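In what follows, every chain begins at residue 1, and chains take the letters A, B, ... in the order their sequences are listed. Just so we're clear, the structure is a prediction, and the values are computed from it rather than from any experiment.
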Amino acid sequence: MKFNFKILPEKGSSWRTFAVFAIAVVMGMGFFLMREAEVVSYLSDNPQACVNCHVMTPVYNSWMHSSHREWVSCNGCHVPQDNIFNSYYFKAKDGLYHSAVFTARAEPDVITMREASEEVVQNNCIRCHIQQVTEVKYDGWLDNHRENRTERACWSCHQEVPHGRIHGLSTVKYNIAPLPTDLDEMVIPEWLAKEIEAQ
Amino acid sequence: NRKSEAKYKYVPSVVIGKNEPRNEEWGKNYPREYQSYMQTADTSFRSYQGGSAMVDMLEEDPRMVLLWAGYAFSKDYNQGRGHFYAIDDLHNSLRSGAPENKEDGPMPATCWACKGPDVPRLMDEHGVGEFYAGTWAENVSEVVNPIGCADCHDPNNMKLRITRPALVEAFQAMGKDINKSTHQEMRSLVCAQCHVEYYFNKNKPGHEGTNYLTFPWENGFAVEDMEKYYDDIGFSDWTHAISKAPMLKAQHPDYEIFLTGVHADRGVSCADCHMPYKSEGGQKFTDHHLQSPLNNVANSCQVCHREETAKLIANVYERQQKSNENRIKLEDVLVKAHIEAGKAWELGATEEQMKDILMSIRHAQWRWDYTAASHGGSFHSPVEIGRVLGSGLAEAQEARVMLVRLLATLGHNEPVAMPDISTKAKAQKYIGLDMDQLRQDKEKFKSNTLPKWLEEAKAREAKMGSDKVVSTKK
Amino acid sequence: NRKSEAKYKYVPSVVIGKNEPRNEEWGKNYPREYQSYMQTADTSFRSYQGGSAMVDMLEEDPRMVLLWAGYAFSKDYNQGRGHFYAIDDLHNSLRSGAPENKEDGPMPATCWACKGPDVPRLMDEHGVGEFYAGTWAENVSEVVNPIGCADCHDPNNMKLRITRPALVEAFQAMGKDINKSTHQEMRSLVCAQCHVEYYFNKNKPGHEGTNYLTFPWENGFAVEDMEKYYDDIGFSDWTHAISKAPMLKAQHPDYEIFLTGVHADRGVSCADCHMPYKSEGGQKFTDHHLQSPLNNVANSCQVCHREETAKLIANVYERQQKSNENRIKLEDVLVKAHIEAGKAWELGATEEQMKDILMSIRHAQWRWDYTAASHGGSFHSPVEIGRVLGSGLAEAQEARVMLVRLLATLGHNEPVAMPDISTKAKAQKYIGLDMDQLRQDKEKFKSNTLPKWLEEAKAREAKMGSDKVVSTKK
Ligand SMILES: [Ca+2]
Ligand SMILES: [Ca+2]
């Protein structure tokens, strides 16, 4: 029997799809800016936006299994949080860059952060952990921090935070982003749904 | 689009049918998950009170024999081991008895409910009520694949899914829709299909007389909520052989207790600790070797805690020891209460005189069992376990104070002699079990009946075949 | 270098003498710390069971009156408020009585030991044993500055220091040297000078007959360790007025219980939560408004936990509620045990018959008090509190079972009538306290004697002056 993926794209259509997608990202940004509150929650809470690209699946999965999952999603680290305007500016720029690279199929197997991104991330670590890592008062609790905290990237020590020690597209074989279940979909098989309805 | 393209970048080698119960079949598409799953067959790890070795609880703590006198648990009770053994252990348990024919008891089909992915298959094929209405014996040839992929996954997209009606119905009873669960909740709910307190409801409308698997959650998950549920419907699992109290048996309320702890409060799921992410050969995947996280602290605890392994293990043991300390104290009081109640009957106590006493024993032992039956509970929620044990101790003392007074009324105003129950064998003898007979019957079942029924299963499965995927691309 | 320059950036305006007891004097050099310290005078915050308002514990829970029958705590007991009130509250307490002359009782000088920085001054001036040997009354004119700077700081360099001999001696008894403590440990040890269980040792070699302040830590900090310590030396604080049991009183074992909790395990100190860092006008300093951290979640908890304030407070309340639930259960059992023991004496029980019963009551109430007297304990270490309450419940039940049997022997085989102790007033009346008299005496003390003695203090302090620093730089 032929295995039929109904969601498999038609041959040759992927460029088109992604051009549309890139435009949608930019337009979407503008649209959302008009409804500020929602933008904020969209931007900070929904990592789905990033995982729309398969290349983001490995990082999504590792984040999903990290100590930070419950506290902060992608944008909380990768987008400046000092002021809202800066956030959108950086994000739009970033989004355009990513989609351009993606569209050109130029993504490397092992992606690394650019310098500008590193600075953003480091600032975000500090944003949340400032008291723990800078205050003399907590030296007893975190006695290793006093000397090293300023000159190095946090993740040079905290290598697991949040993407784990191994990186790269081929590190997740099936590349299945864990599918969130809070969409409209059922989490129970059809026969069970029928049975429950019958009661 | 490209995303879904990537999703199926790997080449599936077989098509997995909608009710495929055989883990090997799924394993052909997902070899890493399958191989790690197969490691649940390893029984070499032992921790202070858990691990994958099979622990004979009655041998470790013979008081339990007396506490369960008159109920099957007094014959045989082990601390569970890996999912791989779910079927074997049920075959081997003295609790499942030694049926010779498919109509024989002692157990109903419902006992299979949490033992493997053949169950959803059978429920789909025959109907849920119909499945529960059967005998345990007639399903020996049907339920043969131990807990596995189809219990938790949708074969089309590998999404987590709930396959057990009892959980869905329990959500309904609480006025909740399980389909609204978040992804993170699902990573615990798949476990809550089985790792929960249950009872067999024989009065379910439309299924009267059937042992219908039910979770008593209508009033909530707390020990008091479930107690009230059972009291209100006048349910009891059995009548205690010595005290004649109408008893409740708590079974593994792991999920319920877990929910009261700080890890649940912070959004941590069962899978975070028992199925952590793992790297192997440059690949990341979910470790399907479900086991004690203490055998795998680096991938589980240390994702979130930067303390050393030894310290984290010490944290767990300390909580377990503190709760065991009071658990044993409560057992001692309960043993005395049962024996004293037995003495009171012997001396001619009336039902009326015994009524309140027996209710206190019921409630106290229920609280004890709630803490004892969840092998992970004293770490999952140590504060709650402490609270429940305290309330059990208070209740058990009420029973004993009433008993001592009643005994004096009946002319026995001195300590009641306690039997020697220092070993499992002595305790079982004391409550009148003929263990040799039970073991002999079991052996007969295992050497005569069981192989025959398993042959039937093999023949049935041989017809199922394997559906190879023909690649659509170059 | 720049570092020491920064350290001495502030311009000291006065020279602080080696035993300077007046917080205002220190405040001239360290105004921010002083001003925040002065906020401990604020009594407006109330939490579920704590806060800075004065809580009349006997009114809240009149069972305590009965549990302490025969002991001063049954007259008056409040949940402490800010350090600012340490002196006032001791003046006002009915426990300190109404002395008319400096030689009068009821209390020894030792009661001042934890109430302020005049104590180290007096100890230095007269000697430690000499201080303890005095009366409370003769020190009313000496100890007038509430808990403050000199209790915890070295005036030369503001380093934390230990000023109370009892803590140093307790370390010695455990074979440890307190001078080897780390900085982080010191941030808890300054509190452990006072927030600890203590007793008055009357047999200290060289100080026989003196109420020598002693911490019973020789065997360890656990409730069993201290119990053993007291049992071994045959110590009891008082004999219970109703049951005649040889009782122990636990006082605020905050530090000991804290050490068994996960925060201590992770190296968190008292000051991290009760004296967090604070910024004001671009300056950072240690907030000396010692109080419930729940009035200051942002600077305390949220330094380490990013959860919302409401959730963190809910976490604390939940732990407190769970422990209170069993604490009250244990109180109920203990009340019954005391009353039943009283009945047994009434019916002619012998010492021999009562011996084991009274020891069980002693041990059970000691465990109760250990959990009740530490107002922060049920958050600082909820698992340990649960364990201790459970063991108290088990012990108290032993007492009652023995009692019921003994009562039957003595011809009383039915429940013993319980008194109405539903309010503080009823309970105090029941145990025979003449509260009107006590209050009247106290009023007399406060309007006649106290002002006179405080005048003396004023005169004495007026001579101390203030030593201005003449600046050495531009
Ligand atoms: Ca049950
Ligand atoms: Ca004491």
Requested in this report: Please determine, among C:Ala396, C:Pro382, C:Gly390, the option with the most heavy-atom pairs under 4.5 Å with chain B.
Outcome: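 The answer is C:Gly390.
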Query raised in the report: Which one, C:Val262, C:Leu393, C:Val404, C:Leu389, leads in non-hydrogen pairs under 4.5 Å with chain B?
Result: C:Val404
Query raised in the report: Is there side-chain contact between B:Ile421 and B:Val65, with heavy atoms separated by less than 4.5 Å?
Result: no
Query raised in the report: Taking the side chain as C-beta and beyond, is there a heavy-atom pair between C:Ile339 and C:Leu66 under 4.5 Å?
Result: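 Touching, per the 4.5 Å side-chain cut-off.
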Report summary line: Residue from B:Leu330, B:Leu407, B:Val333, B:Leu403 scoring the most non-hydrogen pairs under 4.5 Å with chain C is B:Val333
Requested in this report: Mind ranking B:Gly392, B:Ala314, B:Pro415, B:Ala394 by heavy-atom pairs under 4.5 Å with chain C and telling me who comes out on top?
Outcome: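 The candidate making the most pairs under 4.5 Å is B:Pro415.
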[X] to [Y] - nearest heavy-atom pair and separation:
X        : Y        : answer
C:Val268 : C:Cys273 : CG1-SG, 4.5 Å
B:Ala344 : B:Met354 : CB-SD, 4.0 Å
B:Ala250 : B:Ala373 : O-CB, 3.3 Å

Requested in this report: Working to the nearest 0.5 Å, report the span between CG of C:Leu334 and CD1 of C:Ile361.
Outcome: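 If I round to the nearest 0.5 Å, the distance is 8.0 Å.
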Report the donor-acceptor contacts between chain B and chain C below 3.5 Å as a table, one pair per row.
unit_1   : atom_1 : unit_2   : atom_2 : d
B:Asp265 : O      : C:Lys311 : NZ     : 2.7
B:Asp265 : OD2    : C:Asn315 : ND2    : 3.2
B:Arg266 : NE     : C:Glu307 : OE2    : 2.8
B:Arg266 : NH1    : C:Asn315 : OD1    : 3.1
B:Arg266 : NH2    : C:Asn315 : OD1    : 3.1
B:Glu307 : OE2    : C:Arg266 : NE     : 2.9
B:Lys311 : NZ     : C:Asp265 : O      : 2.7
B:Asn315 : OD1    : C:Arg266 : NH1    : 3.1
B:Asn315 : OD1    : C:Arg266 : NH2    : 3.1
B:Asn315 : ND2    : C:Asp265 : OD2    : 3.2
B:Lys322 : NZ     : C:Glu384 : OE1    : 2.7
B:Glu325 : OE1    : C:Arg387 : NH1    : 3.2
B:Glu325 : OE2    : C:Arg387 : NH1    : 2.8
B:Asn326 : ND2    : C:Arg387 : O      : 3.1
B:Glu384 : OE1    : C:Lys322 : NZ     : 2.7
B:Arg387 : O      : C:Asn326 : ND2    : 3.1
B:Arg387 : NH1    : C:Glu325 : OE1    : 3.2
B:Arg387 : NH1    : C:Glu325 : OE2    : 2.8
B:Arg405 : O      : C:Asn413 : ND2    : 3.2
B:Thr409 : OG1    : C:Asn413 : ND2    : 3.0
B:Asn413 : ND2    : C:Arg405 : O      : 3.2
B:Asn413 : ND2    : C:Thr409 : OG1    : 3.0

